[in-house]
Protein chains: 2
Amino acid sequence: MVATTSTRERLVEVATGLLEEGGPSAVTLREVGHRAGVSHNAPYKHFADKEDLLAAVAAAQLRANRATVQHLSDGRPPGEALRLVLHAYVSRAMEHPEMFRLIYGRWRTDSAELGQAAHEARSLLVSLVQAAQDSGDLPPGDPDRMTALLQALAHGAADLALSGHLAKDGKGHAEPGDLVDDLLARLATT
Amino acid sequence: MVATTSTRERLVEVATGLLEEGGPSAVTLREVGHRAGVSHNAPYKHFADKEDLLAAVAAAQLRANRATVQHLSDGRPPGEALRLVLHAYVSRAMEHPEMFRLIYGRWRTDSAELGQAAHEARSLLVSLVQAAQDSGDLPPGDPDRMTALLQALAHGAADLALSGHLAKDGKGHAEPGDLVDDLLARLATT
DNA sequence: ACCTGAACACCGTTCAAGT
DNA sequence: ACCTGAACACCGTTCAAGT
């Protein structure tokens with residue numbers, strides 16, 4: 001299997017690496033072009049501007065996440081699958097903070113590719129929640145709303161932990177994963 | 001009462017305005033200086049660099065938020081006070097997205113002023129939660145951890161809503177404030 | 001102590017031109 | 001269709017100098 005990566009794919013790969021190393025400001029089109037072996041403005045032939053390139057990076061990562069989620073939940077009981085997926089959500093955020101902040105950052109460009117990837121990621125999560133409700137691991141109710149509750153908690157716990165606003169005194173000892181478990185436990189006993 | 005605003009205070013005010021209008025990239029030291037009536041590099045006499053100025057902006061806002069929280073909760077039953085404060089947290093985020101993202105963004109500078117303001121904001125929230133536990137509006141347990149759970153949910157709901165990752169199909173109709181109420185309701189019946 | 005003007009290095013973006 | 005080199009406007013930061 002020969003990997004024939006197009007220039008466009010290489011630009012996205014290189015930009016991904018630069019992002020994780022030093023955040024969006026480290027993704028200069030000059031360095032992207034240089035690492036991809038093209039000129040510093042060749043990216044403009046594939047992307048409208050820098051933000052459009054970053055949107056492609058975020059979309060690619062969302063698709064990769066979706067594959068991970070599917071693999072993680074495959075063949076497991078719904079309650080356990082959901083728990084693993086939420087913990088993976090948090091772990092990914094803590095290990096790849098720049099990518100996390102990019103994906104859930106503010107976009108002034110409405111990238112169709114990114115919107116599509118985000119929609120598919122959410123759909124998968126909703127179906128997982130629905131399965132957990134059917135199996136009795138989660139209480140009944142609108143699955144969209146239950147999903148939003150769970151994702152909001154996992155997301156907020158990760159984001160606050162990343163910014164150091166989550167009880168760093170060590171007293172509460174509230175790791176983001178612990179909060180996920182707290183919520184799941186309370187929901188299970190309702 | 002004559003308002004004798006120092007240059008430093010004026011720089012922070014001007015930077016705050018620019019931030020809310022167009023985000024951190026709109027806060028150019030040149031424009032800050034110009035609006036404050038000084039040269040484009042006068043800010044360097046008051047702040048180490050641009051990030052240090054933004055840290056002062058964030059710290060000032062955290063202190064203002066703290067005052068709002070105290071005023072909101074003053075004289076109300078703990079359960080209601082907590083609910084109002086969490087809703088205010090969400091509303092503030094939705095109405096001032098750039099400020100919200102700044103405060104809970106990533107800092108490479110460890111500003112003592114910002115760290116102090118963040119710590120005090122968290123302490124106030126913990127004491128509110130503790131009062132709600134004492135009055136029976138919230139279940140018992142480590143107040144630091146209960147606070148983290150509540151803040152993580154409010155924070156995540158607001159952040160996901162801002163980035164459009166919260167069920168925008170309209171089916172679940174999950175506004176951030178609704179999620180706050182969902183969690184409070186579930187905690188009340190535990 | 002606080003401020004200014006010039007200068008430097010860097011970056012996103014555009015443009016005319018090349019194959 | 002895809003790429004290049006030069007150029008423009010802009011920005012953070014530094015420096016020598018002024019009061």
Side-chain angles (χ1 to χ4, degrees), chain A residues 3-59 98 101-102 105-111 113-114, chain B residues 2-60 98 101-102 105-111 113-114:
Chain A
T4 46
T5 50
S6 67
T7 297
R8 193 194 141 96
E9 286 167 10
R10 231 174 325 132
L11 290 172
V12 172
E13 281 172 25
V14 165
T16 301
L18 286 168
L19 176 82
E20 303 220 310
E21 287 170 31
S25 70
V27 186
T28 67
L29 295 187
R30 281 166 166 82
E31 185 64 17
V32 168
H34 183 250
R35 290 200 186 184
V38 292
S39 78
H40 73 280
N41 45 15
Y44 284 96
K45 306 304 163 183
H46 302 270
F47 304 96
D49 51 22
K50 177 175 171 174
E51 195 184 6
D52 193 39
L53 168 60
L54 289 176
V57 168
E98 297 295 353
R101 293 224 123 110
L102 178 75
R106 302 199 85 206
W107 301 92
R108 36 202 82 193
T109 308
D110 263 330
S111 157
E113 187 190 2
L114 181 56
Chain B
V2 181
T4 45
T5 50
S6 66
T7 298
R8 193 194 142 98
E9 287 168 9
R10 229 171 330 130
L11 291 172
V12 172
E13 282 172 24
V14 164
T16 301
L18 286 169
L19 176 82
E20 303 220 309
E21 287 170 29
S25 70
V27 186
T28 68
L29 295 188
R30 280 166 167 81
E31 185 63 17
V32 169
H34 183 251
R35 290 199 185 185
V38 291
S39 77
H40 73 280
N41 45 15
Y44 284 96
K45 306 303 162 183
H46 302 271
F47 304 96
D49 52 21
K50 176 175 171 171
E51 195 184 5
D52 194 38
L53 168 60
L54 289 176
V57 169
E98 297 294 353
R101 292 225 124 109
L102 177 76
R106 302 200 84 206
W107 301 92
R108 38 202 84 194
T109 307
D110 264 330
S111 157
E113 186 189 4
L114 181 56

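Lettering follows sequence order; numbering is per chain, from 1. These numbers were taken from a predicted model, which means no experiment stands behind them.
Using a cut-off of 4.0 Å between Lys/Arg side-chain N and Asp/Glu carboxylate O, A/Arg35 and A/Glu13 are scored as not salt-bridged. A salt bridge does not link A/Arg101 to A/Glu20: none of the charged nitrogens lies less than 4.0 Å from a carboxylate oxygen. Between B/Glu31 and B/Lys50 there is no salt bridge, since none of the side-chain N atoms of the basic residue sits less than 4.0 Å from a carboxylate O of the acidic one.
The stretch residues 31-39 of chain A has no heavy atom under 4.0 angstrom from DNA chain C at all.
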For each nucleotide in nucleotides 8-19 of chain C, reading 5' to 3', give B when a protein heavy atom comes within less than 4.0 Å of its base, S when such contact involves only the sugar-phosphate, and - otherwise. ---BBBBB----

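A/Tyr44 places none of its side-chain heavy atoms less than 4.5 Å from the side chain of A/Asp52. Counting only heavy atoms from C-beta outward, the side chains of A/Leu54 and A/Leu102 approach each other to under 4.5 Å. Counting only heavy atoms from C-beta outward, the side chains of A/Leu29 and A/Leu53 approach each other to under 4.5 Å.
Under the 3.5 Å distance criterion, the side-chain polar atoms of A/Glu51 are left unmatched by any main-chain donor or acceptor of A/Trp107. A donor-acceptor pair under 3.5 Å is absent between the side-chain atoms of A/Arg30 and the main chain of A/His40, judged by distance alone.
Dashed line: the shortest gap from a side-chain N or O of A/Thr7 to OP1 or OP2 of D/dC3 is under 4.0 Å. Applying the 4.0 Å criterion to OP1 and OP2 of D/dA1, one finds that A/His46 has every side-chain N and O outside that range.
Separating the CZ atom of B/Arg8 from the C1' atom of C/dA1 is a distance of 15 Å, rounded to the nearest angstrom.
Base pairing annotation: C/dA9 forms no Watson-Crick or G-U wobble pair, as no partner gives both donor-acceptor distances under 3.5 Å. Pairing for D/dA17 is absent, judged as Watson-Crick or G-U wobble with the two contacts each under 3.5 Å.
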